[in-house]
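Below is one structure, written out as structure tokens; the observations come after it.
The chains referred to below are lettered A, B, ... by the order of the sequence lines, with proteins before strands, and numbering in each begins at 1.
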Amino acid sequence: MKILQKSFFREPTIEVAKKLLGKFIVSKTPKGVIVGKIVETEAYLQNDPASHSFCGKTNRNSPMFDSAGTSYVYFTYGMYYCFNVVTNKKNIGEAVLIRAIEPIRGIELIKKNRKVPKNKDLTNGPAKLTLALGINKNFNGINLLDEKSPLKLMKDKVENFEIIETKRIGISKGCKMPYRFYAKISGKHQRDCTAVEAHNSH
DNA sequence: CGTAAGATGAAG
DNA sequence: TTCATCTTACGG
């Protein structure tokens with residue numbers, strides 16, 4: 001496993017969103033290490049009505065304008081956190097939202113963090129995986145490129161898989177943009193896309 | 001399936 | 001002040 005460098009993130013956001021599929025999130029928690037493979041991402045661009053950065057820099061979204069490889073963790077719906085990686089150049093407010101991962105290591109810890117009946121629901125949503133990995137507002141704005149960081153993005157041997165490109169979900173503005181990407185790997189921990197899209201179009 | 005949980009920023 | 005939101009869990 002090798003840590004991803006700044007050059008990986010300092011590129012057009014859509015490219016980074018695709019490249020992140022199949023890479024790994026490594027979270028060092030007090031109780032042990034948790035590793036997950038990224039299987040679904042979404043790109044959020046500066047010129048994008050659905051992006052927090054669309055109306056310019058605010059106190060909340062300021063990490064998005066920071067340099068590539070910074071984390072952006074936002075609190076939403078009054079109770080959940082979502083985890084993004086800042087991309088592109090400094091002062092461009094763009095990021096990739098991690099929407100789903102597949103548990104690789106530390107599954108017992110994940111189960112402890114997530115008291116849900118079905119294993120399938122452990123990490124198949126942006127706020128679910130932050131709960132599973134123990135990500136909270138303390139992780140907002142930290143540098144993910146440091147070996148010592150409690151949260152890192154790593155790569156392992158290359159796998160072959162298909163990248164599916166679709167519309168984004170869960171938002172009303174800019175939802176027609178094909179900025180959502182997921183990996184067709186094992187399929188076990190994938191979100192049921194047809195069901196979610198039906199819900200969104202309603 | 002419908003809805004509550006309730007922080008945040010933008011608009012009024 | 002009011003409204004919509006990059007969501008999830010739970011009850012019918």
Side-chain angles (χ1 to χ4, degrees), chain A residues 9 12-14 16-18 20-21 25 36 38-66 70-88 92-103 110-141 144 151 153 164-183 189-202:
Chain A
F9 302 103
T13 303
I14 290 179
V16 181
K18 291 188 201 171
L20 273 172
L21 295 173
I25 303 187
I38 299 172
V39 294
E40 183 179 337
T41 62
E42 257 178 25
Y44 282 91
L45 308 190
Q46 174 77 82
N47 188 12
D48 174 358
S51 173
H52 286 170
S53 61
F54 182 62
C55 297
K57 197 168 175 176
T58 65
N59 193 43
R60 182 202 200 191
N61 68 22
S62 66
M64 289 185 80
F65 293 83
D66 225 318
T70 304
S71 81
Y72 171 47
V73 176
Y74 64 87
F75 192 52
T76 190
Y77 293 103
M79 39 171 62
Y80 295 112
Y81 295 100
C82 294
F83 170 61
N84 303 246
V85 195
V86 175
T87 56
N88 219 316
I92 297 180
E94 305 198 340
V96 173
L97 171 68
I98 310 298
R99 291 196 59 88
I101 61 174
E102 179 180 327
I110 292 179
K111 283 186 183 161
K112 223 168 252 178
N113 292 337
R114 306 261 313 120
K115 296 190 197 303
V116 285
K118 292 183 216 141
N119 281 0
K120 196 189 158 207
D121 293 328
L122 286 175
T123 55
N124 64 343
K128 298 182 189 177
L129 68 91
T130 57
L131 289 171
L133 296 176
I135 297 175
N136 53 52
K137 65 180 174 192
N138 296 329
F139 290 73
N140 189 26
L144 303 169
L151 195 61
L153 294 160
I164 314 284
E165 186 173 306
T166 62
K167 291 176 290 194
R168 291 182 299 192
I169 55 180
I171 52 180
S172 59
K173 284 175 285 193
C175 52
K176 293 213 176 101
M177 321 282 247
Y179 291 164
R180 182 161 74 100
F181 309 97
Y182 61 93
H189 295 279
Q190 246 165 49
R191 179 173 279 254
D192 181 346
C193 297
T194 50
V196 176
E197 298 205 355
H199 170 263
N200 191 44
S201 64
H202 174 54

* Between B:dA7 (P) and A:R60 (CZ): distance, integer Å -> 12 Å

* Assign the ring pair A:Y81 / A:F75 to parallel, tilted or perpendicular, where the plane angle (0 to 90°) is split at 30° and 60°. => tilted

* Hey, does A:F54 have a side-chain heavy atom less than 4.5 Å from the side chain of A:N47? -> yes

* If only atom types and distance count, is the side chain of A:N140 paired as donor or acceptor with the main-chain N or O of A:K137 below 3.5 Å? -> no

* Asked: Can you tell me how far P of B:dT8 sits from OH of A:Y72, to the nearest Å?
  -> 11 Å

* Asked: For C:dT8, does OP1 or OP2 lie under 4.0 Å from any side-chain N or O of A:R114?
  -> no

* Structure fact -> A:F75 atom CZ is separated from C:dT5 atom C1', nearest whole Å, by 13 Å

* To do: Whole angstrom is fine here: how far is it from CZ in A:F181 over to P in C:dC6?
  => 18 Å

* To do: Grab the CE-C1' distance between A:M79 and C:dT7 for me, whole Å please.
  => 9 Å

* Structure fact -> Out of B:dA5, C:dT8, C:dA9, minimum distance to the side chain of A:A127 belongs to C:dT8

* Per A:T58 side chain, nearest of listed nucleotides C:dC6, C:dA9, B:dG9 -> B:dG9

* To do: Would you mind pulling out the nucleotide paired to B:dT8, Watson-Crick or G-U wobble, both distances under 3.5 Å?
  => C:dA4

* Selection from B:dA10, C:dT8, B:dG9 that lies nearest to any side-chain heavy atom of A:C55 -> B:dA10

* **Interatomic distance where CG belongs to A:N124 and P belongs to C:dT7 [whole Å]** => 13 Å

* Does the ring of A:Y80 lie flat against the base of C:dT7, closer than 5.5 Å centre to centre with planes under 30°? -> no

* **Distance in angstrom units between A:K137 NZ and B:dA7 P, rounded** => 10 Å

* Asked: Stepwise, does the side-chain hydrogen bond (donor to acceptor under 3.5 Å, both in side chains) test hold for A:N124 with A:K120?
  -> CA-CA 7 Å; A:N124 64 343; A:K120 196 189 158 207; over 6 Å; no

* Using a 4.5 Å cut-off on heavy atoms from C-beta on, say whether the side chain of A:V16 contacts that of A:V85. => no

* Provide, to the nearest angstrom, the distance between the OH atom belonging to A:Y81 and the P atom belonging to B:dT8. => 9 Å

